[in-house]
Amino acid sequence: MKIAVIGTGYVGLVTGTCFAETGNDVTCVDINSAKVDMLNRGEVPIFEPGLEVLFHRNTEKKRLHFTTDLAAAVSQATIIFLALPTPPGADGAADLSYVLGVAEELGKIITEYKVIVDKSTVPVGTADKVHAAVAKNAKVEFDIVSNPEFLREGVAVEDFLKPDRVVIGTSSEKATKLMEHLYEPFVRQGNPIIFMDERSAEMTKYAANAFLATKISFMNEIANLCERTGANVDMVRKGIGTDTRIGNRFLFPGVGYGGSCFPKDVQALFLTANEVTYNFRILDAVMQVNSLQRAIFFDKIKLKYPDLKGMKAAVWGLAFKPNTDDIREAPALYLIDQLLANGCEVSAYDPEAMAHVKQIYGDKITLAEEAYAACLDADFLIIATEWAEFRSPDFEQLSSNLKAKVIFDGRNIFSLDEMAVAGFYYESIGRSIVK
Ligand code: NAD
């Protein structure tokens, strides 16, 4: 099948590459010409495990192309995916200007039947708006499909190739058949394609993200309570995670959720509810708990070091989670801002995200070439992202590089026992302090 993917970011590039991998002819479009030039030079602009291999295989086989020319890409495609940004607008609701802007353009361009698929995360009712925007100028038949994307950055390729489920919202039989055919290679192991109406598909994406964010905020509250009652959240997590009704995933407390999806999607769903005069009380609490969780963690540092002026903090991990270079809404950035505001010097390290961080902070912080170098002469170490390479460090080298053996761990990557043996002062989340 011939496919166009509009928007070549984390979702669009993975989507386009994976559809090419199953034999389709895919053209990815982006307005960012520097990004398109990079892709045409054979360089992958994002870090995503497994993506490079697939990218090179499919560009070499000439099944995967990149362009800034929307009309050229669309004219040959039967299915057009919109993988455009839907960032929070000034009021916090999803900004649909990218999606609706391109939809209007599509109406002017299309000269034969097309399926226009919304892969961006969009509020309930957007399919109707996209339909109206295309219809304004279109002189031919077209269908709109809502096909929300559930991939997780860091395992995006695996998630796309072997999705738990594919959700397709459409009222068109013709579009249903085309979408079923397109996704058939991805659901061979019995994972379902769930067909539904457009509104339910749109709501499914927000409900999934809001539920996962709720799980995280709930566990963060349990962790805070554990600290005050002498319980250990690791034990509690294992104790409840073995209950199949609860499940053992997404029960890890930390410094709060970040990334380009959870914060904006929870907020957008809350505002969707407001628009229909429904007060979604749980989501309000989820957001409050999440922003407090970062502050609670920073307060631990302030309690030990009331005057951070002239001190130096090492920070391990800048990406909002491991295995990605994405720093959107990353808790590490909040912590760095607080440290700098308190006059504390910052020396940071991340395996993949430092180039993006450099763009924000310039010379205001030091970016080290490797993890131990970030700790040289630092008064303490903060762990903000649980990259695998941080999990089994050489504690002797760490001890000799740090000025004091002090770690604030926002991701609970070490056991209390190992920290006691290594002789560190160690504060984590929902567990007692090792002194
Ligand atoms: P992104 O910012 O990484 O990528 C968006 C791309 O669209 C950028 O490359 C940008 O240059 C391009 N673009 C903007 N306007 C354009 C236009 N008019 N024409 C062509 N290209 C244009 O965003 P993303 O993370 O890929 O997210 C895209 C959508 O998918 C969002 O709605 C997001 O909520 C949703 N989503 C994201 C994830 C994730 O993990 N990142 C997961 C599921 C769903």
Side-chain angles (χ1 to χ4, degrees), residues 4-18 27-39 44-49 51 66-74 77 80-89 93-106 108-109 116-123 126-127 130 133 146-160 163-167 201-202 204-210 212-213 257-269 319-330 356:
V5 179
I6 322 301
T8 313
Y10 285 88
V11 169
L13 184 56
V14 172
T15 299
T17 305
C18 291
T27 303
C28 295
V29 183
D30 208 286
I31 41 162
N32 181 340
S33 55
K35 189 183 264 191
V36 170
D37 287 347
M38 206 176 161
L39 287 156
V44 178
I46 55 168
F47 174 74
E48 190 57 55
L51 184 59
F66 301 95
T67 181
T68 51
D69 189 341
L70 180 70
V74 161
I80 302 157
F81 281 87
L82 307 182
L84 293 155
T86 49
D95 174 359
L96 291 179
S97 59
Y98 298 87
V99 170
L100 297 179
V102 170
E104 250 190 83
E105 286 303 303
L106 290 178
K108 295 177 197 159
I109 293 169
I116 298 166
V117 185
D118 200 347
K119 209 166 225 337
S120 299
T121 302
V122 290
T126 301
V130 172
S146 171
N147 170 219
E149 181 49 57
F150 297 96
L151 62 77
R152 297 161 296 167
E153 286 176 25
V155 273
V157 171
E158 203 183 315
D159 280 351
F160 199 95
D164 286 344
R165 78 313 204 179
V166 174
V167 169
E202 290 163 342
T204 297
K205 173 65 190 174
Y206 281 101
N209 275 2
L212 293 170
Y257 58 76
S260 66
C261 292
F262 285 3
K264 85 171 168 66
D265 293 348
V266 172
Q267 184 171 247
L269 184 58
F320 84 95
K321 67 174 184 176
N323 298 319
T324 180
D325 59 353
D326 195 345
I327 57 165
R328 291 178 281 187
E329 300 279 331
H356 294 313

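Remember, predicted model here, so these are calculated numbers, not experimental data. When reading the values below, keep in mind they use all heavy atoms of this one structure, side chains included, and skip hydrogens, waters and symmetry mates. Both counts, for ligands and for their atoms, begin at 1 and track the order of listing.
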May I ask you to list the atoms of ligand 1 that are less than 4.0 angstrom from any heavy atom of [X]?
| X | answer |
| --- | --- |
| Tyr10 | 3 (O), 25 (O), 26 (O), 41 (N) |
| Lys205 | 43 (C) |
| Ser260 | 41 (N) |

Exercise for the section: Please confirm whether Arg328 comes under 4.0 Å of ligand 1, counting heavy atoms of the residue only. Expected result: yes
Practice task
Specify the closest pair of heavy atoms between Val122 and Tyr206, including all atoms of both residues, with the distance to one decimal.
Solution key: O-CE1, 3.1 Å
Handout entry: Closest contact, heavy atoms only, Val11 versus Ala83
Key = CG1-CB, 4.1 Å
Handout entry: Distance in Å, Tyr257 OH paired with Lys321 NZ, rounded so as to fall on 0.5 Å steps
Key = 14.5 Å
Handout entry: Asp30 side chain reached by Leu39 side chain, heavy atoms, under 4.5 Å
Key = no
Practice task
Check whether any side-chain heavy atom of Phe150 lies under 4.5 Å from a side-chain heavy atom of Thr204, and answer yes or no.
Solution key: yes
Practice task
Give the contacting part of Val102 toward ligand 1: side chain, backbone, both or neither, where contact means a heavy-atom distance below 4.0 Å.
Solution key: side chain
Exercise for the section: Answer side chain, backbone, both or neither: which part of Cys261 comes under 4.0 Å from ligand 1, heavy atoms only. Expected result: side chain
Ligand 1 to [X] polar contact by distance, N or O atoms, under 3.5 Å:
| X | answer |
| --- | --- |
| Val11 | yes |
| Tyr98 | no |
| Lys35 | yes |
| Lys264 | yes |
| Thr121 | yes |
| Glu149 | no |
| Thr86 | yes |
| Arg152 | no |

Completion exercise
From the list Leu212, Asn209, Thr121, side-chain contact (heavy atoms from CB on, under 4.5 Å) partner of Cys261 resolves to Asn209
Problem - Option among Val102, Val74, Thr67 that satisfies the side-chain contact (heavy atoms from CB on, under 4.5 Å) test with Val29 - result: Thr67
Problem - Side chain Thr126, main chain Pro123, donor-acceptor under 3.5 Å - result: yes
Completion exercise
of all protein heavy atoms, closest to atom 12 (C) of ligand 1 is Asp30 OD2, 3.2 Å
Problem - Lys205 and Ser146 side chains, donor-acceptor separation under 3.5 Å - result: no
